[in-house]
Amino acid sequence: MRAAGAGAGQLLPAAAPGRRQRPRQREQASLQGAAAAAARARKEPWQPTDPSSLLEMAGEITEPGELYSPYVGLVYMFNLIVGTGALTMPKAFAAAGWLVSLVLLVFLGFMSFVTTTFVVEAMAAANAQLRWKRMETHQEEEDDGSSTASDSDVLTQDNDVRAEKRPILSVQRHGSPNLFEITDRVEMGQMASMFFNKVGVNLFYFCIIIYLYGDLAIYAAAVPFSLMQVTCSAVGNDSCGVEAEAKYNDTDPCWGPLHRVDAYRIYLAVFTLLLGPFTFFDVQKTKYLQILTSLMRWIAFAIMIVLALVRIAHGRGEGRPPLADFSGVRNLFGVCIYSFMSQHSLPSLITPISSKRHLTRLVFLDYVLILAFYGLLSFTAIFCFRGDSLLDMYTLNFARCDVVSLAAVRFFLGLFPVFTISTNFPIIAVTLRNNWKTLFHREGGTYPWVVDHVVFPTITLLPPVLVAFCTHDLESLVGITGAYAGTGIQYVIPAFLVYLCRKDTQLAFGYGTVNKHGSPFRRTFWVGFVLLWAFSCFFFVTANIVLSETKL
């Protein structure tokens, strides 16, 4: 077997004790230990400062990375969740009304918290099965090698061997760790292969791929759109960017005979030519680049919130948002789901936390802080600017002379998405390419050079660029991506993972076994409720789109 790439490894399900193994598990169970060791040797340590770390979200068993404290983990989770999606939230808030938006934001935040606890429980169950399998394999080796060894000798030697292979956090504990301790970073793809059947695994990768296509389309449209907004105006070149009362159409002039849409497509072509080639190679984001982009993001968010508060305090707030406008709820659904997306990267985020004793409380606190931040950003925006003047990318509202007098700040905020999104685009593209490889990978097979180095990168890059060529409506792109693929990743996959892992744990370890990292939402009712809510989201958004298109 071979890994399909840096971001999408081989699928190596582990067999649990006391249950019949599926055919695929029977073929691979004996290779689990060696494969896990090989995976550790191949993987680079994870850099937790990356807010868009998706390279290994569908991978194999990997090293947890450098350990950090629970409160550092809280900061990393906050940094992971609060990303580009937050910039499209103010316009969605204004369109749906402040009360409806607030209620929906809180509810979707709660639902995301529920499914986050589901993923954590599935991670613990996967670790328990892998740990038991290692113990079982070592016991068989000891029985074959020395039939006279006592039980205490076997347990001592087993602990020594596992202590050498396990991260430091496990070695430092006295005695055998709890079976459900999260020490191996088991990625989402690995958990899917352990608990899902073949059809389920394929559907998992299909959902991941659709989500990544949406991500790339959003990124490919956001950068040229920001450049167009900053460099063009309805009357030609203008250093202040977006004017106070300007209403722009794609057919408005930009540079001489060129229209705004022409400038957008020129920027899109340059963006594709500069960053597209990275799709054909492996690319890793450096730690320092991660720190720089994270720092830029938080400076930009802080500046926007402060400037909006100052304008409101001085009586210059123009926003008069409605209480409720259900016509805008469709996009708000998708934007909020997209803005709470973190489930795919939880293994990379949670495994390195040194102490997981109060993990659920930590995650809950993080969601409360994130809700407060989203509320502050969105409410200051909708009361500072008129709803019809809010742009898809909120930073562009500050590229105006009447809002920001300092040119350096205007250009920093106006071009902020260009810098941060451009650094993430190659990472997401390589991840999508590797997931395509994993989806079509067959045991013992290799891809021809043309397929591996030309076909897969091309089918990765071409569709999102074509979508961005046809539209730069970022609110709709974010809304659709969040409402469909985002719903699958955030609700459907975690619900099925936790349901099936609970059944496997009961069969493997007995019905009285307690998972120390079990979700507080232990009743099957919650699994059904999450799936019902996911179906409702699919149905509501689809019906809304159909009705909207019919009216048009």
Side-chain angles (χ1 to χ4, degrees), residues 74 77-120 301 304-305 308-309 319 321-343 346 359-384 387 390 394 475 478-479 481-483 486-487 489-492 494-495 519-521 523 525-541 544:
L74 181 146
M77 177 173 284
F78 189 96
N79 201 34
L80 170 73
I81 296 177
V82 179
T84 310
L87 298 178
T88 62
M89 192 173 285
K91 184 177 180 179
F93 257 63
W98 68 265
L99 181 60
V100 171
S101 299
L102 180 62
V103 171
L104 190 59
L105 180 69
V106 172
F107 182 73
L108 289 176
F110 169 75
M111 294 299 291
S112 181
F113 169 71
V114 171
T115 57
T116 295
T117 63
F118 284 174
V119 174
V120 172
F301 280 133
M304 289 187 293
I305 291 173
L309 286 173
L323 196 69
D325 185 351
F326 291 99
S327 64
V329 172
R330 181 192 77 191
N331 278 337
L332 182 64
F333 257 106
V335 168
C336 290
I337 292 173
Y338 187 82
S339 298
F340 280 111
M341 189 67 64
S342 68
Q343 284 74 6
L346 286 176
L359 188 58
T360 302
R361 296 179 188 176
L362 185 77
V363 173
F364 179 76
L365 176 60
D366 233 332
Y367 271 89
V368 171
L369 293 175
I370 290 165
L371 279 172
F373 175 80
Y374 281 162
L376 180 62
L377 179 70
S378 300
F379 273 83
T380 54
I382 64 177
F383 284 99
C384 180
L390 279 168
Y394 181 48
E475 187 184 13
V478 171
T481 300
T487 296
I489 294 173
Q490 194 165 162
Y491 300 140
V492 178
S519 169
F521 309 96
R523 295 182 179 276
F525 161 80
W526 287 105
V527 176
F529 181 70
V530 169
L531 291 175
L532 179 63
W533 171 247
F535 173 77
S536 301
C537 289
F538 277 118
F539 177 79
F540 173 79
V541 173
N544 203 310

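These numbers come from a predicted model, not from an experiment. Starting from 1, each residue takes its place in the sequence as its number.
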Test item: Thr481 side-chain N/O and Val478 main-chain N/O as donor-acceptor pair under 3.5 Å: no
Heavy-atom side-chain contact between Leu323 and Trp98 under 4.5 Å: yes
Mutual orientation of the aromatic rings belonging to Trp526 and Phe529 [parallel < 30°, tilted 30-60°, perpendicular > 60°]: perpendicular
Pair up each side-chain donor or acceptor in residues 369-378 with any protein partner under 3.5 Å, not counting sequence neighbours, and list the distances.
| from | atom 1 | to | atom 2 | distance (Å) |
| --- | --- | --- | --- | --- |
| Tyr374 | OH | Ile81 | O | 3.3 |
| Tyr374 | OH | Ser339 | O | 2.6 |
| Ser378 | OG | Tyr374 | O | 3.0 |

Phe93: ring pair (Phe, Tyr, Trp, His ring centres under 6.0 Å) partners, not counting sequence neighbours: Phe379
pair Thr360-Pro520: side-chain heavy atoms closer than 4.5 Å: yes
Heavy atoms of other groups near Phe535 CZ, more than 12 under 6.0 Å: no
Min side-chain heavy-atom separation Phe538-Tyr491 under 4.5 Å: no
Heavy-atom side-chain proximity of Phe521 to Phe118 below 4.5 angstrom: yes
Whether over 12 other heavy atoms sit under 6.0 Å from Phe539 CZ: no
Which residues share a side-chain hydrogen bond (donor to acceptor under 3.5 Å, both in side chains) with Thr115, sequence neighbours left out: Gln343
Side-chain touch Leu105/Phe340, heavy atoms, less than 4.5 angstrom: yes
Non-neighbouring partners of Asp325 that pass side-chain hydrogen bond (donor to acceptor under 3.5 Å, both in side chains), sequence neighbours left out: Ser327
Ring pair (Phe, Tyr, Trp, His ring centres under 6.0 Å) involving Phe540 - partner list, sequence neighbours excluded: Phe333
All ring pair (Phe, Tyr, Trp, His ring centres under 6.0 Å) counterparts of Phe326, not counting sequence neighbours: none
N/O donor-acceptor pair under 3.5 Å between Thr116 side chain and Ser112 backbone: yes
Output field: ring centroids Trp533/Phe110 closer than 6.0 Å: no
